[in-house]
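Notes follow the structure.
This chain uses plain numbering: 1 for the first residue, then up along the sequence. The basis for the numbers below is simple: all heavy atoms, side chains too, and nothing from hydrogens, waters or symmetry mates. Not measured: the values here are computed from a predicted model.
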Amino acid sequence: MLFKVVTFNRFLELADGVIVKYILESFSFSKTILFCIVFSLFFKCFGIAQTPDSLLSQHPDSVYLRLSESEKRFAVHALGGLKAAEGLQAKLFASEPQVVNPINIDVDHKGRVWVLEAYNYRPAVNGKSELGMGDRIVILEDSDQDGVADKTKVFYQGPELQAPLGIWVMGNKAIVSQSPYVWLFTDTDGDDVADKKEVLFKGIGGHQQDAGIHSFVFGPDGNFYFNYGNAGGQLVDGHNRPLLDKYERPINFRKYREGVVFRCDQSFRKVEILAENFRNSFETAVDSYGTMWQADQGELGQESDRVSYVMENGNFGYIDEMNGNSWRVDRTNLEDEIPRRHWHQNDPGVVPNLLQTGSGFPMGSTIYEGELLPRIYWDQILVADAGLNSLRAYPVVDDGAGYKSTGVLPILEGVRDKWFRPSDVCVAPDGSLIVSDWYDEVIGENKMSDRSRGRIYRVAPVGVKYTVPQYDLSIPEQAVKALQSPNLSMRYLAWNACVEHGWAAEPMLEELFRQYDANPKLRARALWVLNRIEGFNSRNLDIGFRSLNPNLRITTLRAVRQRNSDPIEYIKRLAADPHPQVRREAALAINHNHTFEALDVWLQLAGQYPGNDRWSVEALSIGAIGQWERIFPAWLAKAGPKPEAVPGGGDLIWLARTRRAIPYLERLAADTSVSFKSRLRYFRAFDFFHAGYEKNQALLNVVNVPSSDRIQVAKQALMHLDRKFVANSQQGLTVLSKLLDDTYGTEDYIELVTRYQPSSEINRLLQLAVGHSQEVIGRDAGALLLDLAGVSYMNERLRSLNESQKLALLASVQTAGTPEAIYLLRNIALNAGHSLTVREQAARCLGGSWPGEDAVLKLLKENRIDHSVKEAALEGVRNAFREEIQLALAPYYPQLVEKASDPEPEVAPDSKAKRRKKRRNKGS
């Protein structure tokens with residue numbers, strides 16, 4: 001039954017005895033509805049509990065839309081603004097004032113929700129805390145298992161907590177990430193209040209930055225996984241000592257680009273860098289096989305957020321590998337779509353994206369390895385995307401040596417309430433989901449509009465109560481059962497308990513691992529623990545390598561690599577595996593393995609590569625890092641005289657980082673039997689070699705191959721040649737001169753002159769600038785001419801050209817915006833030695849760029865523009881794009897309006913006023 005809504009706030013405004021009378025007289029309610037409303041009021045007024053699931057959730061469309069904007073913000077109406085997936089139900093676990101601005105959460109083994117608040121987020125933008133206190137770590141507990149938190153404790157609050165980004169809970173300890181520190185808080189006396197604080201890591205960039213250090217998570221191998229965004233830069237341990245990699249060498253952070261994924265042991269001393277060149281991933285999710293996943297934020301408004309399978313030691317393409325250029329800088333073989341261009345997806349040596357998710361704000365993520373939710377969500381990555389107002393699952397299936405997405409499964413969406421900003425998601429011990437909601441009108445750009453709100457939701461099948469299984473970890477059998485929990489904090493405690501039990505837990509672990517019909521992920525967890533028990537039985541490895549499930553074979557190899565410093569004998573067992581993902585893992589495993597056996601493995605894997613599988617070839621590339629000089633000649637010996645003709649041969653040549661590959665790149669780039677567009681990838685591959693004679697000569701050779709696309713080929717070759725080589729080579733100069741003639745008057749011509757800057761082109765640039773000053777090509781030519789010839793040359797030309805040519809030349813530089821262009825236009829506008837027409841044109845053109853707008857505003861403020869050209873200068877900035885410039889210029893326009901309204905004396909038709917009117921009409 002549909003009914004009118006009277007909010008709880010309205011009820012509470014009425015006197016006690018009037019409430020029921022008001023309801024009965026004003027509305028027609030069933031007894032059940034009236035009973036729920038009265039008891040909800042009772043609970044709300046006396047603080048016994050939060051409001052039970054509101055009636056609003058039963059009639060969301062008819063009820064929620066009738067609320068005022070302020071009423072929609074009340075926590076009591078929170079569920080009315082959301083939509084849960086079919087078969088699932090969301091319940092408000094906690095809300096303000098219990099929690100505010102929850103940036104990250106974790107759920108401990110007791111089912112309690114630990115909330116990391118970020119009230120003090122970006123004070124320079126959002127204002128400082130009125131209370132002058134730091135942020136909090138809050139523990140929320142549902143003691144009566146009704147799905148609503150009824151106990152709240154503050155684990156820690158201190159002035160040093162200023163918008164932290166990540167929390168990971170392990171029993172009585174919590175790791176909190178906030179650049180420049182990672183802290184370990186410990187409750188030593190069991191009162192749920194931190195008594196001890198240690199610095200685990202420090203020196204990390206990104207303070208008060210979304211792209212700093214993020215949360216830690218527990219991996220099935222007993223290690224911690226974490227990441228930082230592209231502001232992180234580096235880290236040292238808590239005692240300022242450099243961190244050591246798995247080879248006991250200090251990590252050189254200069255080798256790694258942008259956002260990075262780490263793995264460290266439980267002593268926090270040995271640290272590995274597992275992948276690089278992300279922009280800003282908030283959390284690394286690791287499944288039970290040890291496979292890593294991340295959601296990465298692209299730049300705002302570019303529709304370029306992504307989900308990635310994190311291939312070990314991979315480069316994920318946020319900036320150019322060779323020169324650090326942004327994706328915005330033009331390059332050969334540019335991707336057709338900006339979202340792919342954003343991650344350099346066409347470049348050799350870049351791991352492909354699993355999925356582009358559009359323009360949102362992905363934050364926390366996890367792998368759902370429970371069984372409480374419907375099967376479609378099992379084993380899938382879940383991402384809380386605050387920008388898309390949605391908690392989603394991204395199901396994947398195998399695709400060659402990698403994966404592909406099969407679509408999007410929304411779990412909880414803010415379909416009516418766009419303030420729903422999910423910031424994190426965790427799996428509770430019973431398999432339900434706990435979701436934090438930042439709850440704000442805005443997201444991104446470092447802003448927040450409301451610092452007083454925040455919600456926590458529990459998502460579970462309809463009618464399923466919140467339960468927390470209990471285990472006695474001192475009993476080996478119980479510890480093994482706890483290892484099968486969907487909750488990471490419980491698995492952490494169980495993993496360590498099993499390792500401590502050692503041989504006492506081994507029989508139960510082996511039973512689980514060898515149970516062929518058990519969930520493969522549970523079997524994988526058992527193997528990881530067995531791998532850490534002293535005196536490990538190698539028969540379990542044999543079982544793992546012979547397993548029918550390819551993921552278990554992959555897990556076994558990963559476990560061996562962590563146990564054995566030289567696992568090549570085991571890697572060799574999988575080099576001929578029938579599954580491409582297992583072969584991919586074998587290729588990754590020989591990274592930095594310089595043994596002869598590793599070379600044999602790589603050649604065997606390359607021989608099985610069929611082509612057209614980017615995952616496979618990138619894995620082979622990662623396996624060959626630092627070894628191409630020995631691997632490529634060996635591959636050539638097996639591939640024969642035409643290696644580019646063997647299956648996948650072109651891909652391997654495209655990726656090879658050795659000069660031995662250059663002659664074969666030349667052949668592929670010059671192959672006229674395939675389209676020019678498909679050959680661009682080989683021209684791009686030349687960029688990954690530093691300048692050298694072999695590279696330059698190969699590119700010149702490509703130019704000499706006769707073809708119908710000769711001009712395109714010659715341009716590509718010249719754009720990749722070393723400029724000094726061309727300047728000192730007669731052959732290079734001849735090619736350049738011929739191509740400049742062939743492309744004159746086109747953008748190709750401008751690109752070539754920009755790259756090589758030949759002084760011989762100055763006169764032709766002048767002709768182009770003057771002849772096409774109102775076109776893009778003419779303005780490009782004018783800006784380039786000024787850059788190449790200088791201000792003195794332009795002044796010379798302005799003295800020798802006729803008046804119409806002078807006006808055209810000035811117009812050609814109006815959008816340049818360089819200091820030289822501003823200097824030239826400003827001086828002419830202020831120089832009484834030029835004609836009034838030329839001065840007005842210079843003043844008008846001065847405002848044609850952002851720096852020019854600033855220059856005009858400064859001249860106006862200093863009253864340096866005389867009245868004769870002021871009107872023209874104001875014409876040039878009338879359509880200024882920036883709002884602050886518009887506001888600053890506004891006072892100068894009324895003066896012109898007033899002047900225009902004054903009666904003017906009669907003048908001859910050719911008077912000054914008539915000429916000004918003509919110029920104004922022409923300018924408009």
Side-chain angles (χ1 to χ4, degrees), residues 73 75 94-106 113-140 152-169 174-185 193-194 197-216 226 228-233 235 280 282-283 297 361 363-364 384 386-387 419-424 436-456:
R73 307 284 81 83
S95 64
E96 65 274 3
Q98 286 172 291
V99 292
V100 294
N101 302 101
I103 189 73
N104 200 247
I105 60 172
D106 201 7
V113 181
W114 295 54
V115 181
L116 190 65
E117 296 182 337
Y119 180 84
N120 295 283
Y121 176 64
R122 291 281 187 161
V125 177
N126 301 301
K128 294 183 179 180
S129 166
E130 296 176 3
L131 302 177
M133 302 172 68
D135 285 317
R136 305 188 303 172
I137 303 169
V138 178
I139 304 175
L140 303 173
T152 304
K153 298 179 180 179
V154 176
F155 179 73
Y156 186 83
Q157 182 174 20
E160 73 276 31
L161 281 187
Q162 299 287 328
L165 291 179
I167 184 169
W168 154 247
V169 179
I175 298 176
V176 175
S177 303
Q178 177 193 299
S179 293
Y181 299 108
V182 175
W183 290 297
L184 176 64
F185 292 93
V193 176
K197 182 182 73 173
E198 306 168 62
V199 176
L200 298 178
F201 301 108
K202 60 168 61 172
I204 311 159
H207 176 63
Q208 275 289 356
Q209 251 255 27
D210 295 346
I213 187 75
H214 294 297
S215 61
F216 284 56
F226 62 102
Y228 59 51
N230 65 329
L235 70 162
N280 189 28
F282 259 71
E283 195 166 38
Q297 296 176 358
F361 200 83
M363 297 180 71
W419 281 42
F420 175 57
R421 303 292 184 182
S423 58
D424 200 9
S436 59
D437 178 7
W438 176 262
Y439 202 75
D440 205 317
E441 183 178 12
V442 299
I443 195 72
E445 296 186 309
N446 311 315
K447 296 179 182 177
M448 51 200 258
S449 67
D450 193 323
R451 304 171 69 170
S452 65
R453 304 180 194 272
R455 284 87 192 266
I456 307 294

Quick one: salt bridge (charged side-chain N to carboxylate O under 4.0 Å, His left out) partners of Glu283, sequence neighbours excluded?
none
Any residue meeting salt bridge (charged side-chain N to carboxylate O under 4.0 Å, His left out) with Glu441, in chain and number order, not counting sequence neighbours:
none
Checking [X] now: which residues fulfil side-chain hydrogen bond (donor to acceptor under 3.5 Å, both in side chains) with it, not counting sequence neighbours?
X: Asp106; value: none
X: Asp424; value: Asn104
X: Arg136; value: Glu117
X: Tyr121; value: Asp210

Is the distance between the ring centroids of Phe201 and Phe226 less than 6.0 Å?
yes
Under the rule for side-chain contact (heavy atoms from CB on, under 4.5 Å), what residues qualify as partners of [X], not counting sequence neighbours?
X: Pro102; result: Val115, Ser436, Ile456
X: Ser452; result: Asp450
X: Ala211; result: Gln209, Asn230, Ala231, Asn280
X: Tyr181; result: Trp183, Val199, Lys202

Does anything in residues 157-168 pair up under side-chain hydrogen bond (donor to acceptor under 3.5 Å, both in side chains), and if so which pairs, sequence neighbours excluded?
Tyr156-Glu160, Glu160-Lys197
State, with a plain yes or no, whether a side-chain heavy atom of Arg451 is found less than 4.5 Å away from one of Val100.
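SC-SC contact between Arg451 and Val100 ruled out.
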Check ring-ring contact (aromatic ring centres under 6.0 Å, His included) between Phe361 and all other residues, then give those that pass, not counting sequence neighbours.
none
